[in-house]
Amino acid sequence: MSREYDHLFKLLIIGDSGVRQGCVFAPSLFNACMDWVLDKVVDQSDCGASVGNTKITDLVFADDAVIFAESLEVLVMALEALHEEAKPLGLEVSWLKTKVQVFGDLLDEAVQSVHACGENIEILESFTYLGSAVHNDGGSRQEALRRIGIAHGVMDSLSGSIWRCRYLCRRTKIRIFKSLVIPVLLYGCETWTLNSDLKRLIDAFGNKCLRRIMGYRWDDYVSNQRLHCETESRPITCIVRQRQLRLYGHVARYPETDPSHRVVSVRQSGVEEAKGAPTRLLAGAS
């Protein structure tokens, strides 16, 4: 939000008037508040992480915010600025839910917390943001295995009512599998980085589920090709690849000035250029 409207914005938000619960304007007004607060935080702390020539300062989804910083001092300044700038708007930082995640060797392993605004903020190796687990090693193994476990639980919950039901044909069961299990398994898969081992595990889980639905036993000697042909399906990793390419194509069509487009372009052109140590990032989520 432009600084020229700071005074007007304060008058509109801090005034006695407001909206009722459920008003359609509430989400837009709240997003405007968050944008205004985070703009102030960026101005005061100069937080952010550089990706090529692009600087990413924060990620926001409703009231879930992530602040990036490349040093502990900058992060503490950003959190203190967030705490102070949110007060005039009637917003408070939930320090119990606020966590710090370190990427690289920026901090000593003995450090277990960060002190800011009189609160000790826990440092985590893995943090769940918007339903996806982000690990400090930058990989996707933990999230992929977590998703397989959750999807396995969904399969078990439908065992008695769906998979063993004699009144449902196999075609209906396959449609239920694709509608209820696959979305749980592949949530956020567009950002996964898969190696051969993870691909094998994901495909093995999908094939195991299909064999269970079709009623095949391990000694029936049914090949995966025949299984996919009979169920009119394909390996799970093929679906992952398709979704990743779809997301890449969507972002690649953004204007060149868009931060998402610039980050993807840097990642694509930096495969051969950036062979040194990865950028050390420290992110605080609240």
Side-chain angles (χ1 to χ4, degrees), residues 49-56 58-61 64 66 68 103 126-152 154-155 174-210 213 223-275 278-279 281 283:
S50 299
V51 182
N53 296 325
T54 304
K55 187 175 183 179
I56 306 299
D58 57 83
L59 300 175
V60 184
F61 183 84
D64 293 326
V66 175
F68 292 97
F103 296 84
S126 178
F127 181 77
T128 301
Y129 181 67
L130 301 182
S132 296
V134 181
H135 200 267
N136 60 2
D137 62 1
S140 303
R141 180 177 181 82
Q142 184 178 12
E143 172 62 7
L145 296 179
R146 174 173 169 267
R147 280 289 146 191
I148 291 176
I150 297 176
H152 193 278
V154 176
M155 283 290 298
I174 295 298
R175 294 180 62 182
I176 294 175
F177 170 74
K178 293 180 179 180
S179 300
L180 299 182
V181 181
I182 293 297
V184 174
L185 174 65
L186 300 185
Y187 177 81
C189 68
E190 293 85 354
T191 60
W192 289 357
T193 302
L194 302 179
N195 53 24
S196 57
D197 182 47
L198 284 178
K199 290 180 180 179
R200 179 182 57 81
L201 291 175
I202 294 174
D203 283 337
F205 172 77
N207 295 335
K208 180 180 178 181
C209 293
L210 292 176
I213 295 173
S223 64
N224 292 333
Q225 290 77 9
R226 176 185 168 185
L227 179 67
H228 294 152
C229 182
E230 292 180 352
T231 58
E232 298 181 353
S233 60
R234 50 183 174 161
I236 303 296
T237 51
C238 293
I239 303 177
V240 174
R241 184 62 174 173
Q242 181 186 25
R243 294 188 180 186
Q244 290 177 339
L245 292 174
R246 184 183 300 162
L247 176 63
Y248 176 81
H250 180 70
V251 176
R253 288 190 290 269
Y254 282 0
E256 294 185 359
T257 56
D258 189 274
S260 301
H261 180 92
R262 285 186 288 178
V263 168
V264 171
S265 301
V266 169
R267 181 179 180 85
Q268 182 182 17
S269 61
V271 173
E272 296 180 358
E273 298 175 1
K275 296 183 180 180
T279 303
L281 306 179

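Glu232 and Lys178 get closest at one heavy-atom pair: O-NZ, 3.1 Å. Between Ser132 and Arg146, the closest heavy-atom pair is CA-NH1, 4.2 Å. His261 and Glu256 get closest at one heavy-atom pair: CD2-CA, 3.6 Å. Nearest heavy-atom pair across Glu190 and Gln244 is O-CG, 3.4 Å. The shortest heavy-atom contact between Gly131 and Glu143 is O-OE2, 4.1 Å. When every heavy atom of Ile56 is checked against every heavy atom of Pro259, the shortest pair comes out as CD1-CB, 4.4 Å.
Between Tyr129 and Phe127, the ring planes lie parallel to each other; the angle is under 30°, not in the 30° to 60° tilted range.
To the nearest 0.5 Å, atoms CG (Leu186) and OG1 (Thr237) are separated by 10.0 Å. Distance check, rounded to the nearest 0.5 Å: CD1 of Ile213 to CG of Leu210 gives 5.5 Å. One distance of note links CZ of Arg234 with SG of Cys229; it measures 15.0 Å at 0.5 Å rounding. Of the inter-residue distances, the one linking Ile202 atom CD1 with Cys238 atom SG reads 11.5 Å to the nearest 0.5 angstrom. Remark: Ser140 OG to Leu145 CG distance equals 10.5 Å, nearest 0.5 Å. In this structure, Cys189 SG and Arg241 CZ are separated by 12.0 Å, a value rounded to the nearest 0.5 Å.
Considering only heavy atoms from C-beta on, Lys199 stays 4.5 Å or farther from Ser196 through its side chain.
Within 6.0 Å of atom NZ in Lys55, more than 12 heavy atoms from other residues, nucleotides or ligands are found, so the atom counts as buried in its surroundings. For Lys208, the NZ atom counts as loosely surrounded, since its 6.0 Å shell holds 12 or fewer non-hydrogen atoms of other residues, nucleotides or ligands.
Using a distance-only test at 3.5 Å, with no hydrogens or angles considered, no donor-acceptor pair links the side chain of Asn207 to the main chain of Asn224. Judged by distance alone, the side chain of Asp203 and the main-chain N or O of Ile236 form a donor-acceptor pair under 3.5 Å. The backbone N or O of Arg246 sits nowhere less than 3.5 Å from a side-chain atom of His250 that would complete a donor-acceptor pair.
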Before giving the answer on side chain to side chain contact (heavy atoms under 4.5 Å, CB included), spell out for Val51 and Phe68 the whole-Å C-alpha distance, their side-chain angles and the decisive distance to 0.1 Å.
CA-CA 12 Å; Val51 182; Phe68 292 97; over 6 Å; no
Stepwise, does the side chain to side chain contact (heavy atoms under 4.5 Å, CB included) test hold for Phe61 with Val66?
CA-CA 9 Å; Phe61 183 84; Val66 175; over 6 Å; no
Take Arg141 and Asp197 through the test side chain to side chain contact (heavy atoms under 4.5 Å, CB included) and record every step on the way to the result.
CA-CA 9 Å; Arg141 180 177 181 82; Asp197 182 47; 2.8 Å; yes
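Met155 pairs with exactly one of Val184, Leu185, Val181 by the side chain to side chain contact (heavy atoms under 4.5 Å, CB included) rule, that one being Val181.
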